[in-house]
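I have placed the structure first, in the form of structure tokens, so that the comments after it can refer back to it.
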2 protein chains.
Amino acid sequence: MNLQVVAIRDAREAPITLSQPSLSSVFDRQPLERFDAGSAVFWEGDDAAHLFQVTDGMLRAVRLLSDGRRIIVGFLRPGDLLGVSLKERYLYTIEAITPVALRRLSRRRFEEEIRRQPQLRDQLFSRLCDEMTAAQDQTVLLSRRSADEKVANFLLMMSRDEFGNCTRILDIPMTRLDMADYLGMTIETVSRTITKLTNSGIITATGRRSMMVLKMDALRSLADGDNGENWLLPTGSRYATA
Amino acid sequence: MNLQVVAIRDAREAPITLSQPSLSSVFDRQPLERFDAGSAVFWEGDDAAHLFQVTDGMLRAVRLLSDGRRIIVGFLRPGDLLGVSLKERYLYTIEAITPVALRRLSRRRFEEEIRRQPQLRDQLFSRLCDEMTAAQDQTVLLSRRSADEKVANFLLMMSRDEFGNCTRILDIPMTRLDMADYLGMTIETVSRTITKLTNSGIITATGRRSMMVLKMDALRSLADGDNGENWLLPTGSRYATA
DNA sequence: CGGATTCTTGAGAGCTGTCAATCGTTGTGG
DNA sequence: CCACAACGATTGACAGCTCTCAAGAATCCG
């Protein structure tokens, strides 16, 4: 569920034959570059001279508003492409949340490859369309959903690995502030919501930055906004809404 | 500020030479089709068999969530293309707000034209990128801004004509519900906010569905979230925040 | 161990949503 | 031309949710 130009997730469904190069394959020969946690790969406003493919680790795409508000446009994981744009300058800052490994390609060379291989252009185009519908969904999530729904959706997003499979054990490398700035909330509300989910037995903390989903169904129905069935407090049910 | 695949606004900056056909020129020979206000051009889930270019009037792109919530993804004006997608089915319903005139092209023919003229593909690609950054801005607008800021931004959007020029006289053909579902608010809050803007002398109603901007600067600073300078109540200033 | 950072928790206020009543306009039919 | 219904818009009262401000707890790192 990455946003827009932020990250173009490569197709993983179809096995790639040698005669049908994939978008990510153009990065294959590039050397690995490593960035420490907290360091920036590029800054908003920089000359958009390179594209990167994430090989390992997690990053965040950050935008700063004129009034100082900070917005996280998306999180990036292995397989994502970043820096795809037809603009002259990057529209957001990319920062490493964990130590990361990337492969870099100059924009010039990337565009050459795209030009040389029309299939790549089709792939890119198709990926852009997918990203846009994802952006639409994110817009809906942010504008019309409660804190519970937002956090539930976020946890579900984190529960999917890079291949789309669903795991019960979540690795949450980002801080509460990152989550808040991604979901359009404050860190306090994020914290309170997670506490509520924990108290209701839907999730349990297994470490400082990891947790486990105990009731995946409950989490899913929360994420969809099915608030009718009081999921909170199996006994006592102070919050009964029926 | 149209969203994503919803509407692809054609380039208007550069004059188009005959040897450099524009995206919209492929529609030029198509006959005009007219739709009454309130009627639908196509429905969410329909086979995405056609593309349309808006010639006259205003439309809305609507999505319905599983729980019944209604979301307006964008408004469409003359010059906009709609139905652009690589998906099999339309992702939203298009309804005419006013009487509209459209030109229709089958998707097959549109794709043929795109294939035949690589420049068109470039234009389309570039337009998609623009729309995605617009979608990003819309996401920010919805997630992190107050009712005042949302409405101010909406009015500014409506104050721009199809060529990007700014007018003081606004034509607002859509209902409060449309605005509410676009901005992620309720009709009551929309109404209250507009009343507040009117009382503060920033806008004034000139008709049932039209208004005039009296203080464009104030509207702009509101839209940007500059809430520090108490714009409300020129005298009395109950709302002083300094 | 001590400081810095992050996270949690609490109390209170403000904003927006909900419910409900009223007003104004539009359109229809007598 | 007026009465009336239908619809949209406005306004009010109230509740609930989220933010703000603040303090304290937990964790990390030197």
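Chain letters run A, B, ... following the sequence lines, proteins first, then strands; residues in each count from 1.
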Main-chain N/O of A/R77 paired to A/D80 side chain as donor or acceptor, under 3.5 Å
yes
Interatomic distance, A/M185 CE vs D/dT20 C1' [rounded to whole Å]:
15 Å
d(CD1, B/I187; C1', C/dG17) in whole Å
11 Å
When A/L142 is tested against each of B/V140, B/T139, B/L142 for side chain to side chain contact (heavy atoms under 4.5 Å, CB included), which residue passes?
B/T139
Is any side-chain N or O of B/R192 under 3.5 Å from a base N or O of D/dG12, one able to act as donor and the other as acceptor?
yes
A/E188 CD - C/dA11 P separation (whole Å):
15 Å
Do the side chains of B/R176 and B/D181 get close enough for a salt bridge, i.e. N-O under 4.0 angstrom?
no
For A/R176 and C/dT6, what is the distance between atoms CZ and P respectively, to the nearest whole Å?
12 Å
For D/dC17, take OP1 and OP2 only and decide whether either is under 4.0 Å from a side-chain N or O of A/S146.
no
Scan A/G207 against the nucleic acid and name what it touches under 4.0 Å (heavy atoms): base, sugar-phosphate only, or nothing.
nothing
If you check the A/S191 side chain, which of D/dT11, C/dT16, C/dT9 turns out closest?
C/dT9
Starting at CZ of B/R208 and ending at C1' of D/dG8, how long is that distance when rounded to a whole Å?
6 Å
Selected nucleotide, minimal atom distance to A/A147 side chain, candidates D/dT18, D/dA9, D/dT11
D/dT18
May I have the distance from A/K150 (atom NZ) to D/dC17 (atom C1'), rounded to whole angstrom?
11 Å
What contact category does B/R209 fall into here, base, sugar-phosphate, or nothing, at under 4.0 angstrom with non-hydrogen atoms?
sugar-phosphate
How many Å lie between CD1 on A/I194 and P on D/dA26, as a whole number?
17 Å
To the nearest Å, give me how far apart CZ (A/R145) and P (D/dT18) are.
13 Å
With a 4.0 Å cutoff (strictly under), does any side-chain N or O of A/T189 reach OP1 or OP2 of D/dC19?
yes
Taking only side-chain N and O atoms of A/T186, does any of them lie within less than 4.0 angstrom of OP1 or OP2 on D/dC19?
yes
Are B/E95 and B/R63 close enough for a salt bridge, meaning some N to O gap below 4.0 Å?
no
If you look at every heavy atom in B/S24 and B/Q53, which pair is closest and at what distance?
CB-NE2, 2.9 Å
